[in-house]
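We name chains A, B, ... by the order of the sequence lines, and we start the count at 1 in each one. Any value given below was found using the heavy atoms of this structure, including those in side chains, with hydrogens, waters and symmetry copies removed.
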Amino acid sequence: MSTPYDHKAIEAKWQDRWEKTRAAEVDLRQAHGKTYMLMMFPYPSGDRLHVGHGRNYILGDALYRFLRMNGKRALNPMGWDAFGLPAENAAIQRGVHPRDWTVANIKVMKEQFRRWGILYDWSKEIASCFPDYYRWNQWLFLRMLESGIAYKKMAPVNWCPSCRTVLANEQVVDGACERCGTPVVQRDLEQWFFRITDYADRLLAGLDALEGWPEKVKVMQRNWIGRSEGAEIRFEIPALKEPVTVFTTRPDTVHGATFLVLAPEHPLASRLIEGNPDREGIAAWTEQVRNTPRIQRSSEENPKEGRDTGALAVNPATGEEIPVWLANYVLPEYGSGAIMAVPAHDARDLAFARQEGLPVRLVYHLEEGETDPSGLTEPILHQGVIRGAPPFDGLADGPETIARFIAWIEENGWGRGKVVYRLRDWLISRQRYWGTPIPVVYCETDGMVPVPDDQLPIELPYDVEFTGREGNPLSRSRSFVETACPQCGGPARRETDTMDTFVDSSWYYLRFLSPRDAARMFDREIADRWMPVDQYIGGIEHAILHLLYARFICKVLHDFGMVGIEEPFQNLFNQGMITRFSEKSGRVEKMSKSRGNTVSPDELIDEMGADTERVYTLFIGPPEKDAEWSDEAVSGAYRFLTRVWRMLERLPEAPPTAPADADLERERHATIQRVTQSLQRFSFNTAVAALMELSNSLGRALEEKTASRLRCEEAFDTLLQLLHPLAPHVTEELWERRGYTESLLETSWPEYDETKLRRERIQL
RNA sequence: GCGAAAGUGGCGGAACUGGUAUACGCGCUAGACUUAGGAUCUAGUCCCGAGAGAUCGGGUUGGGGGUUCGAGUCCCCCCUUUCGCACCA
């Protein structure tokens, strides 16, 4: 009668033991052979984690255990990105205070991590919603304010009507709120920004050195930063006695500029239309364009609409007077919000010129002494003559030509070379309660006054009403709002906007290194020892949000002399999503609560154990790819573990001596090699396959009595060691039952003998 | 449209640097044990052909060309899918 595989009892026993021995704790002053691993900083939402979430943590834990068995002092901390909207919404809907709700959720999530058998260094635990963390957000904000990186301005901003707050550009996806999907609207508001655009070039250049990052993420960040080289050129407007500045990446086509187009929101627009008989009609149209939702406005399908201002500008290259138009396809926030239209060399300008019957002029190359060839193929193209321009070969083929034109334009005093970015400054203020209070006050006499460091932290008041009414609940807390001016002592009002939670997550990897330091944000000495993070594991959804902000803040901290490094994350691994068939949509989709296609780890763990979930999650496919969850296939992992379990009691069946010892020995070494190399390159699925093969071979050897007891035991012990990172509970239990007193996690990773592999290969 | 990644059995996938394609698992088929099993175990399972049979012959990695003694892997063209960007001047 064999001992049944009682995964419940085994897992409870080892989870308890790991917790008691605090197996994961690392002394930060020691860094020999160190590896700093980081999972994403999870938000403790009220929803239970599902097996799709598990992939990130299970993968990280498998890697962590593997590293430890290989003698690395691996730091694997976990903490909570605890501020955010769901907590506040829960307060409105269920009448629970955001803090209580968050604290309760953290407890639930910790229990889930425990049930997965994940070893975190809980001695380093942090939660961004407590003053001992967020006071450093405030401290950092003040330093950024002093150095001009943080500033306040009135600007058209993205407003989510459902979340009732502004959003950063990065949080607007396809014109809708990243969190709730509600289309955002534009509002003019005075808001706090971080000058991330000043770091655009460094953020771009830094990417090239990040060899351990997926190319995909780097491309996404490059696109988001959107650097364009070109020139700004001034076009005089005699009627205004003031020029309009345009930005172009094709200054070499300036001769072909037959009209100008300004965004309807352009600051000069109202003056340009002053003399126009239809002034009011144009103003009304402008208002209409301004109110067009962002998605529609910047879509290629959106019909181009424009109005002739009636004003004229002078093309500096030809001396010709050209009309000035307003049109919806020119965006106010990019470049200078105005373009020179060169219809012959730009598809959008051509479409607009044809629609409005505006002239088109081809710019082409004239050799010295050559006359204008005209007689062009396209009837719409007028003649093009280049006079006084520097010689160039071919149009716009090459930065050299463009550079020559920029130099020429600069010589003539018409403009200058210019680099423009798509990236906007990071809007960090939010009109919500559950976030870090921005540490400034407004005094009637002194105006805006930063809170002195010794008055930090500015704590969030607990006693606040969550009614769901318009406006930030914080602004209705009199005890919070009413304060004294730090300068004159007179009455003052606190800033009630709070910070974007992405500020919190931009530097948490540093706080893990000094989690309890009450005197400073973090200890530079420890940071220098442990930074950068050797391995970061998380989903692709953070490609241009968190990962861009964290790189930015790291550079800011570097410039403040607080860290030695400029890039926080050396290697980044993006695990793919777990998908499953959804009854709602009839399609295979990302596993999520709203789609109703989740699998609860609780039930799975009850039925087949956490080790089964771990092994299946790692076996399901290459971890960087999306993978479809199969309820049936999970049992394969369970059967495998059950077979391994039963094998222990079959070991004594092996004979003292046997003929095929060498085969099993060779396979043992081959498996060590395969698993080691697989884990090194994150190929967990093939590592599992190799272990299944060894287990099958060992089972066959026991069945057919072809290997000796000693070899079988050796093979079994090796199997347990190699399997431990993937299925820690059952392997620890079997290891103990084999009679070893040392924890399997504390053993060192088995080594393989290449000569054995080679000799056998020749024999084959 | 631009950029990136990828296309291998009924399914998830393996083959790392060019060297026995389809490892491992799911599913399926047959059998064993069972009162019964969605439990467990054993055998089989890319396609075509020959053979009672172990086995033997041929073909196959989206399609078409090429390089090579040798190509799933390298090069060229085409097709398809997924992802990212997209009126950014």
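Because its glycosidic torsion is more than 90° from 0, B:G64 is reported here as anti.
Among the heavy atoms of the strands lying under 4.0 Å from A:Arg643 are primed sugar atoms or P, OP1, OP2 only; no base atom is included. Note on A:Ala689: a base of the nucleic acid sits closer than 4.0 angstrom, heavy atoms only. If you check every strand for non-hydrogen atoms under 4.0 Å, A:Asn302 touches a base.
Relative to the ring axis of A:Tyr329, A:Lys304 places its NZ or CZ within 45° and under 6.0 Å from the centre.
Counting only Watson-Crick and G-U wobble pairs whose two distances sit under 3.5 Å, RNA chain B takes part in these stems of three or more pairs: B:1-7 with B:79-85, B:10-12 with B:24-26, B:27-32 with B:40-45, B:46-50 with B:55-59, B:62-66 with B:74-78.
Of the candidates A:Val254, A:Thr253, A:Thr248, A:Thr248 is the only one forming a side-chain contact (heavy atoms from CB on, under 4.5 Å) with A:Pro251.
For A:Lys625, no side-chain nitrogen or oxygen approaches OP1 or OP2 of B:A5 to under 4.0 Å. When the side-chain nitrogen and oxygen atoms of A:Asn685 are compared with OP1 and OP2 of B:A23, none of them lie within a distance under 4.0 Å. The shortest distance between the side-chain N/O atoms of A:Arg700 and the OP1/OP2 oxygens of B:U42 is not below 4.0 Å. Taking 4.0 angstrom as the limit, A:Arg674 places none of its side-chain polar atoms (N or O) nearer than this to OP1 or OP2 of B:C16. Contact between the side-chain N/O atoms of A:Ser228 and the OP1/OP2 oxygens of B:A89 is found at a separation under 4.0 Å. Between A:Arg422 and B:A86 there is a side-chain N or O to OP1 or OP2 distance below 4.0 Å.
Rounding to whole angstrom units, CG of residue A:Asp631 and C1' of B:G12 are separated by 14 Å. Remark: P of B:G12 and CH2 of A:Trp629 are 17 Å apart, rounded to the nearest angstrom.
Taking every side-chain heavy atom of A:Val330 into account, B:A89 is the closest of B:G84, B:A89, B:C26. Of the candidates B:A86, B:C26, B:A89, B:C26 carries the atom nearest the A:Ala633 side chain, counting heavy atoms from C-beta on. The side chain of A:Ser630 sits closest to B:C26 out of B:A89, B:C26, B:C85. Which of B:A14, B:C87, B:A23 sits closest to the side chain of A:Pro622 comes down to B:A14.
Spacing between B:U20 and B:C26 at atom P, rounded to whole Å, works out to 26 Å. Taking the P atom of each, B:G38 and B:U22 are spaced 32 Å apart, rounded to whole Å. Taking the C1' atoms as reference points, B:A4 lies 43 Å from B:G44, given to the whole Å. The gap from the P atom of B:A30 to that of B:A71 amounts to 40 Å, rounded to the nearest Å. Comparing the P positions of B:U8 and B:G63 gives a spacing of 10 Å, expressed to the nearest Å. Taking the P atom of each, B:G51 and B:U60 are spaced 24 Å apart, rounded to whole Å. Going from the C1' atom of B:C78 to that of B:U68 covers 24 Å, rounded to whole Å. A distance of about 28 Å separates the C1' atoms of B:C24 and B:C74, rounded to the whole Å.
Between the side chain of A:Arg424 and the main chain of A:Glu333, a donor-acceptor pair closer than 3.5 Å is present. In this structure a side-chain-to-backbone donor-acceptor pair under 3.5 Å is missing from A:Asn574 to A:Glu624.
Toward the 5' end of RNA chain B, the nearer of the two residues A:Glu693 and A:Arg639, judged by each one's closest nucleotide, is A:Glu693. Two residues, A:Tyr334 and A:Val219, neighbour RNA chain B, and the one matched to the more 5' nucleotide by heavy-atom proximity is A:Val219.
A:Tyr549 and A:Phe502 have tilted rings, their planes meeting at an angle from 30° to 60° on a 0 to 90° scale. Using the six-membered ring where Trp is involved, A:Tyr536 and A:Phe569 have ring planes that are tilted, between 30° and 60° apart.
In this structure, a donor-acceptor pair under 3.5 Å is absent between the side chains of A:Tyr752 and A:Thr718.
Within the 6.0 Å centre-distance limit, the rings of A:His255 and A:Trp408 are counted as a close aromatic pair.
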Side chain to side chain contact (heavy atoms under 4.5 Å, CB included) between A:Phe259 and A:Asp308, intermediate numbers included: CA-CA 10 Å; A:Phe259 56 101; A:Asp308 188 355; over 6 Å; no
